[in-house]
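This structure is a prediction, so every number in the text was calculated from the model and none was measured.
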Amino acid sequence: MNGVRRPAHRTLRGRLSLVALLTAALLMLVLTVAFNSVARHRLQHQADDELRTRAAAVATTVDTSGTTVRVLESANDALLDADVWIYTGRHLLEQPPAAGELTRVADALARRGGQRCVTTTVQRPLRLCTQPVSGSGSRATVVTALDLSPYRSSADTLLLGSLALDALMLACTYALTRLAVGRALRPVRTMTDQATQWSAVASGERFGSIRLPAELARLGGSLDALLDRIRTLLRYERRLTGELSHELRTPLSRIVAELDWWQARPRTAEQTRATHQVIADAAESMRTICDTLLADARAGTLAAPGTAEVMPVLHRLTEVPYTPGHLRITATGPHLMAGVPPALLERIVSPLLANAFRYAVTTVTVRAHQASDGVRVDIVDDGPGVPPRFAARLFEPGRRADPGDGHGGAGLGLPLARRLARSAGGEVSYDSEHAPGARFVVSLPAG
């Protein structure tokens, strides 16, 4: 997916395939050992049956009815005598030609008596079994031997065949596991490709909309929730950036204007001090703006409740030197205490005043009064007002009734004022019944 081929053991597909291969190999090892053990035991049992059958056939040629054991000759005597020893007690009556060292093994087996079988590798792999023969007068023992080479060859052939079959099964298991895991992980690759293509902010795509197995569907739901949180955080970040730039623009413009004016002509010491004071006030205003907005962004609600005298804040906002000179601005009201810090009250009222200064023709009136649920501040101007068709979207971020009206602005001031007021338990609303001009109402809890 990213163009880099990883080693097989580093990928989930390779690891699962190796686990399946090792598991199958262990299982096949156990089955192969068990199968070959059973096969060898079965072949040995067949050899013992063959020896007992031959011993029974030889026993029919041994006469034990008298006091002396006699060996009778038969038509197939040469065939019966191959690898056969006949004893009476410990006395050997008959043995195969060129028996050599095998006779000692047969002697030891005959002396032990009963029906017994042993395997020896003297001369060649052989299996020897004893068969007692009892009669009315005497007793004898027949020892027969059988070459195990054919049986061992069959066992070795079975072992090689089972190992070859195991190798084939393991190769098929590995190939089929990789194929099955690859098909199972195909939705994951699709999700990965989609995640790299989707925009974290603009895209509305969801992993949950894809047809997935139950496990991946739950994973897709979790990823969708994570994407929603990321998009929310990014929206908050963009909103905070926009609000900071919107609010800092006015005091920054004051600083630039004062510096331009101060550099344009010679200034007295008194005028220089006044300029320094304006710059200091603007810088303090910028610091307050940053502190207020960042505190609100971190907490989501008012982090440090406080109280503010309403009228001094309103006078300070309406009497700053950068208010338009062609407007008549009045701030009236009784002594009131609002249940918000002074800095927050400034940030709530400032966008509304800036909006009124921007569109008023001759007059801006700010009036504070007591309400049944707290404190209210009315900001009224005699401008054109808000178009009725736009009133419903007035507090949406980035919305302006007429972007080409010649006034600057990003459409963030009114939404910011409402959000900050709501964070303190208040509200900012627009009075659509007021005419002419515009009337905004700030409602705050009493201090």
Side-chain angles (χ1 to χ4, degrees), residues 1-46 151-241 297-298 300:
M1 285 169 282
N2 57 3
V4 178
R5 185 175 181 85
R6 296 179 180 273
H9 67 279
R10 298 290 299 275
T11 63
L12 179 60
R13 180 183 181 184
R15 290 182 181 183
L16 290 177
S17 299
L18 289 177
V19 169
L21 182 64
L22 292 176
T23 303
L26 180 61
L27 178 61
M28 289 181 183
L29 176 63
V30 173
L31 292 177
T32 300
V33 171
F35 170 75
N36 282 274
S37 298
V38 172
R40 288 182 179 274
H41 179 74
R42 181 61 181 169
L43 289 173
Q44 181 173 303
H45 184 70
Q46 290 178 357
Y151 295 93
R152 292 193 173 183
S153 177
S154 298
D156 293 341
T157 302
L158 286 175
L159 177 61
L160 292 176
S162 60
L163 291 177
L165 181 60
D166 289 347
L168 178 61
M169 292 296 295
L170 288 176
C172 293
T173 299
Y174 184 75
L176 292 176
T177 302
R178 284 187 64 87
L179 178 62
V181 173
R183 291 179 62 86
L185 293 179
R186 189 175 300 168
V188 177
R189 292 195 295 270
T190 301
M191 294 169 67
T192 303
D193 294 338
Q194 290 173 333
T196 58
Q197 295 170 3
W198 292 347
S199 169
V201 179
S203 176
E205 298 290 344
R206 291 292 186 272
F207 291 113
S209 61
I210 310 171
R211 294 178 60 87
L212 297 172
E215 297 83 355
L216 293 181
R218 289 195 293 270
L219 174 61
S222 300
L223 292 177
D224 288 340
L226 180 61
L227 283 176
D228 289 338
R229 290 195 292 271
I230 293 175
R231 292 185 177 110
T232 300
L233 290 174
L234 290 176
R235 284 196 297 269
Y236 283 157
E237 180 182 354
R238 292 197 305 175
R239 185 188 68 186
L240 177 61
T241 302
R298 283 193 296 266

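- When all heavy atoms of L43 and Y151 are compared, the pair lying nearest together is CD1-O, 3.3 Å.
- When every heavy atom of M28 is checked against every heavy atom of T173, the shortest pair comes out as CE-OG1, 4.4 Å.
- Side-chain contact between D156 and R40 is present, with at least one heavy-atom pair separated by less than 4.5 Å.
- For the residue pair S162 and T32, the shortest heavy atom distance occurs at OG-CG2, 3.6 Å.
- In this structure, the side chains of V33 and L29 come closer than 4.5 Å at one or more pairs of heavy atoms.
- None of L22, L16, T23 except one satisfies the side-chain contact (heavy atoms from CB on, under 4.5 Å) rule with V19; the exception is T23.
- Here L26 contributes atom CG and L21 contributes atom CG; the two are 11.5 Å apart, rounded to the nearest 0.5 Å.
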- prompt: Between L18 and R178, is a side-chain contact (heavy atoms from CB on, under 4.5 Å) present by the stated rule, with each step listed?
  reply: CA-CA 9 Å; L18 289 177; R178 284 187 64 87; over 6 Å; no

